[in-house]
Each structure stands twice: as C-alpha cells, then as structure tokens.
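Report on the following structure.
Keep in mind that what you see is a predicted model, and the values were worked out from it rather than measured. Count residues from 1 along the sequence. What you see below is based on every heavy atom in this structure, not just the backbone, and it leaves out hydrogens, waters and symmetry mates.
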Amino acid sequence: MNKMNFSEHVLNVFDEMKTSYEEVKNLMFDLYKNELDDGISKREAEDKLREVSLKIFGLTKDSSRRERERAYRDYGRQYFDVIEEVTDWTVSTGLKENEWFNALVNYRNLKDGDTNLFVNEHEEVILSIARMGKRHHDTMLQRLPENTTYSVETDVYGAAVGADIDRYLIGQEDWTKLVDAITKAFVVKIQELIFAEILEAPKKLPAQSEFVQTGALNTTNRKKFNKILQNVSVANDNADVVIMGTMVALQELENLIDVKWVADSQKEDIAKMGRLGNYGRYTLVEIPQRFARNDVTKSMYKDDTLFVFATGDNKLVDMVDVGETLIEEITDRGTANSNIADIMKYEVQRELGVSTRIGRYFGSWTITD
C-alpha cells in the first residue's frame, strides 16, 4: 500500500514513533515468521507493535471497554489498513499448508497473476458451483462439455475477528496469536465451504455402484473397498488416489489389515497419529473434525464416511481467490445485530469462489457396524 493511502492520523503516529509503514509491516512479518533481526528480542518487537496499535486507536493499555469501543468506531478502518497486507499473506499461506487442501483443490490466486480460467479436458461433467457468501446461499449446477473453458463465480465471504483484536490490544494475546486467529477463522470458513460441496457430491455421481458403497470395513468387504480405489484411479487416467476422512473414519481402515503383516512404519504411524499413514500404496489424508458453531454436541463432518479422490491434475475442486483480505465493519446484517458491541462487528473478508467437477470420478464408502 502506498504511503499516501494512509490517513493523516496514522502518518502522525508513524512520525511520532520515528518509524514508517514499511518498517512496521516488515516487523509484523518478521515477528509472525519468527525471523527477527539480530539484536531485536521477541518481547521488544511485541511491545513496539502493540504501542503502534494502541496509538493508532488513541488508547492506552489501561483504557476501559467503553473507550475501546469508541476507538474502534473512530479508528478501526485506519488500523486495518495497516495490518491487511500481512493477513493477505497469512490467509493464502494458511490455506496451502493444509494437506486436505493440497490434495483436493486446484488453487488460483488472481493477486499472484493467476487467471480465473479452467479447462475441462475430460468427458462432459456436471459443474457444481457453491454460492454461500453475502449475495447467495445456494448451489448452481450446469453441464460442462469436454474441452471447454469456464470461470468460477466469486463472492465475498467473512469470518468474525473483532473479539480477537480486542484481546490483543489489552494484552491478552500476542501478535502471532492475533494473526493466527484471523487466519484460522478464514481457513475454517473456506474448509466449511469446500466440504459442504464434497459431502453432497457423491449423490450426483453418474455411476453410483462402481464408486459409492456402504458396509462394514472388515476382511469380508476388503476386496469391494479395494475395487473402489482401483475404479477411481482408472476413471481418472490411472492417477494416484488418496483416501480422506476424519481421524475416526480413517482408524476403521485398521480392520482391513492383518496385524501379522503390519510393518514397523505403520505401527509408528499409529503411535504418532492415532491412525495409519497409508493403506497399502494409498496415502491417507485427515479431514480436521470440528464442532458446529456454539454446539459441542454436533460434529461438522461425518465420522462414518471415507472419500477416495484422484490427485495430480485430476483434483476435484477448482478454487479462485481474488487474493486481497479486507477487515470490515459489519453494517448490512439488519436490526438483529444493532445491539452488538462495536468490537464484535468486525470480520475478515475475502472474495473467492469454489466449484466441483463431478465428472471427475471419485468414491465414497459409508461405514456401518
């Protein structure tokens, strides 16, 4: 961001502290990545960033909640202008550090120079486009002939972060925890979006019996399960495939293995991860389980389902990320939120789009007792 984009108030804060936006931004990155210059301790870096943050808000570490809420109203936008470039990078990096994301998703970042253009090189497929942002809350289906190009429709998605910013300013969290909280909030949002599509996708497969099965995972059904693995690979030009599920679901694969033939490396995987790392030649990828929001009695993802996906160029999900993270005040949610404290009204927002190509065959197995 060019220096001229900042308000006079923010520039005065930089002058008062004898620093600049570039220096503050570099310190934010260095502290988050734990790559501080020699002679600068983590404590010194934390103190300087918190001092800059408090001065931008016109606060002290002892300011009351009422004072903080007024400051967020008056200076919130100016503060977020300073930290958004850091959150741009951490959200993109946070996505690509997820094993399930790398196995499932063809990722395009427009800010990095990628284009919102995908080519369907396979036979006609059904394109399922998720639309769950501020403008839409549905899924659109369309047929996509072979050798055609298409673009993914994007929308604005948001995840609440106001309370994390408040905890940071009063000293309850450090800078790394604040950025991690912002990053995690958005990565979880994208995970929910992608898996909402994935969990419904098996119902749309053209050939059900060859790819979708139900039964106990035991030696009796081992051949049938292995056949699904082979079918997915063959249907995707003999691509490598991965088996994906929650930890509980992946643990069921142990029932297919003769303990007399378990390799030492597999025993080590179970000791470290609580599950196998591989089933034969196939890599296992764990879907991080989560509780539903504000309900610890309800899990987000099914513990009785395993998915089989092709890897390489045959990934199931196409995702376009505009690549710019904004932190905005929520102002269009209606009167229901009119009594929310000012600090709770902020969310990190990012424009992106997700679609699944259902003609790219994959498999699922619903586990029974």
For Thr220, which residues count as a side chain to side chain contact (heavy atoms under 4.5 Å, CB included) partner, sequence neighbours excluded? Asn218
For Ser63 against Thr60, the heavy-atom pair lying closest together: OG-N, 3.0 Å
Can you confirm whether the side chains of Tyr282 and Asp240 place a donor and an acceptor under 3.5 Å from each other? no
Verify side chain to side chain contact (heavy atoms under 4.5 Å, CB included) between Ile243 and Val285, making sure each step is shown before the conclusion. CA-CA 6 Å; Ile243 304 171; Val285 177; over 6 Å; no
For Asp164, what residues pass the salt bridge (charged side-chain N to carboxylate O under 4.0 Å, His left out) criterion, not counting sequence neighbours? Arg167
For Asp180, enumerate each residue passing the side chain to side chain donor-acceptor pair (under 3.5 Å) test, keeping only those at least two apart in sequence or located in another chain. Tyr32
Apply the test salt bridge (charged side-chain N to carboxylate O under 4.0 Å, His left out) to residues Asp321 and Arg108: give CA-CA distance (whole Å), side-chain angles for both, the deciding distance (0.1 Å), then the verdict. CA-CA 6 Å; Asp321 181 2; Arg108 304 281 178 84; over 6 Å; no
Which residues pass the ring-ring contact (aromatic ring centres under 6.0 Å, His included) test with Phe309, not counting sequence neighbours? Phe307, Phe362
With sequence neighbours excluded, residues passing side chain to side chain contact (heavy atoms under 4.5 Å, CB included) with Thr297: Asp295
Would you compute the distance between atom CG of Leu178 and atom CD of Glu173 and round it to the nearest 0.5 angstrom? 6.5 Å
The criterion is salt bridge (charged side-chain N to carboxylate O under 4.0 Å, His left out); which residues satisfy it with Glu8, sequence neighbours excluded? none
Measure the acute angle between the ring planes of Trp365 and Phe225, then classify it against the limits of 30° and 60° as parallel, tilted or perpendicular. perpendicular
Tightest non-hydrogen contact, residues Thr183 and Gly94, listed as CG2-CA, 4.2 Å
For the residue pair Glu23 and Ser20, establish whether any side-chain heavy-atom pair is separated by less than 4.5 Å. yes
Which atom names give the shortest non-hydrogen contact between Val320 and Asn116, and what distance separates them? CG2-OD1, 3.2 Å
Just by distance, with hydrogens left out, do Tyr21 and Asn26 show a side-chain donor and acceptor under 3.5 Å apart? no
Checking Asn231 now: which residues fulfil side chain to side chain contact (heavy atoms under 4.5 Å, CB included) with it, not counting sequence neighbours? Glu210, Phe211, Lys227
Between Glu324 and Glu351, is there a side-chain heavy-atom distance shorter than 4.5 Å? no
Side chain to side chain, Asn106 and Met319, heavy atoms closer than 4.5 Å: no
Counting heavy atoms not belonging to Arg281, are there more than 12 under 6.0 Å from its CZ? no
My understanding is that only residues two or more places apart in sequence, or in another chain, count here; which of them pass side chain to side chain donor-acceptor pair (under 3.5 Å) with Ser53? Tyr79
Closest heavy-atom pair and its distance - Leu306, Leu250: CD2-CD2, 3.7 Å
Is the terminal nitrogen or CZ of Lys48 (NZ for Lys, CZ for Arg) located under 6.0 angstrom from the six-membered ring centre of Trp175 and within 45° of that ring's axis? no
Taking atom types as modelled and ignoring hydrogens, do the side chains of Tyr157 and Glu192 form a donor-acceptor contact shorter than 3.5 angstrom? no
Please find the pair of heavy atoms, one from Ala216 and one from Thr368, that lie closest to each other, and give the distance. N-OG1, 3.1 Å
Would you please name every residue forming a salt bridge (charged side-chain N to carboxylate O under 4.0 Å, His left out) with Asp74, sequence neighbours left out? none
Smallest heavy-atom separation, Val152 atom then Phe118 atom, equals CG2-CE1, 3.6 Å
Tell me, please, which residues at least two apart from Arg50 pass salt bridge (charged side-chain N to carboxylate O under 4.0 Å, His left out). none
Would you check if there is a donor-acceptor pair between the side chains of Thr87 and Thr325 at a distance under 3.5 Å? no
Which residues pass the side chain to side chain donor-acceptor pair (under 3.5 Å) test with Asn109, sequence neighbours left out? Ser92, Tyr107
Do Asp30 and Leu36 make a side-chain contact, defined as non-hydrogen atoms from C-beta onward lying under 4.5 Å apart? yes
Quick one: list whatever passes side chain to side chain donor-acceptor pair (under 3.5 Å) with Glu51, sequence neighbours left out. none
Would you say CG of Asp112 has more than 12 non-hydrogen atoms from neighbouring residues, nucleotides or ligands within 6.0 angstrom? yes
Within the 3.5 Å criterion, strictly below it, is a donor on Gln78 or Ser7 matched to an acceptor on the partner's side chain? yes
Tell me if the NZ atom of Lys177 is crowded by more than 12 foreign heavy atoms within 6.0 Å. no
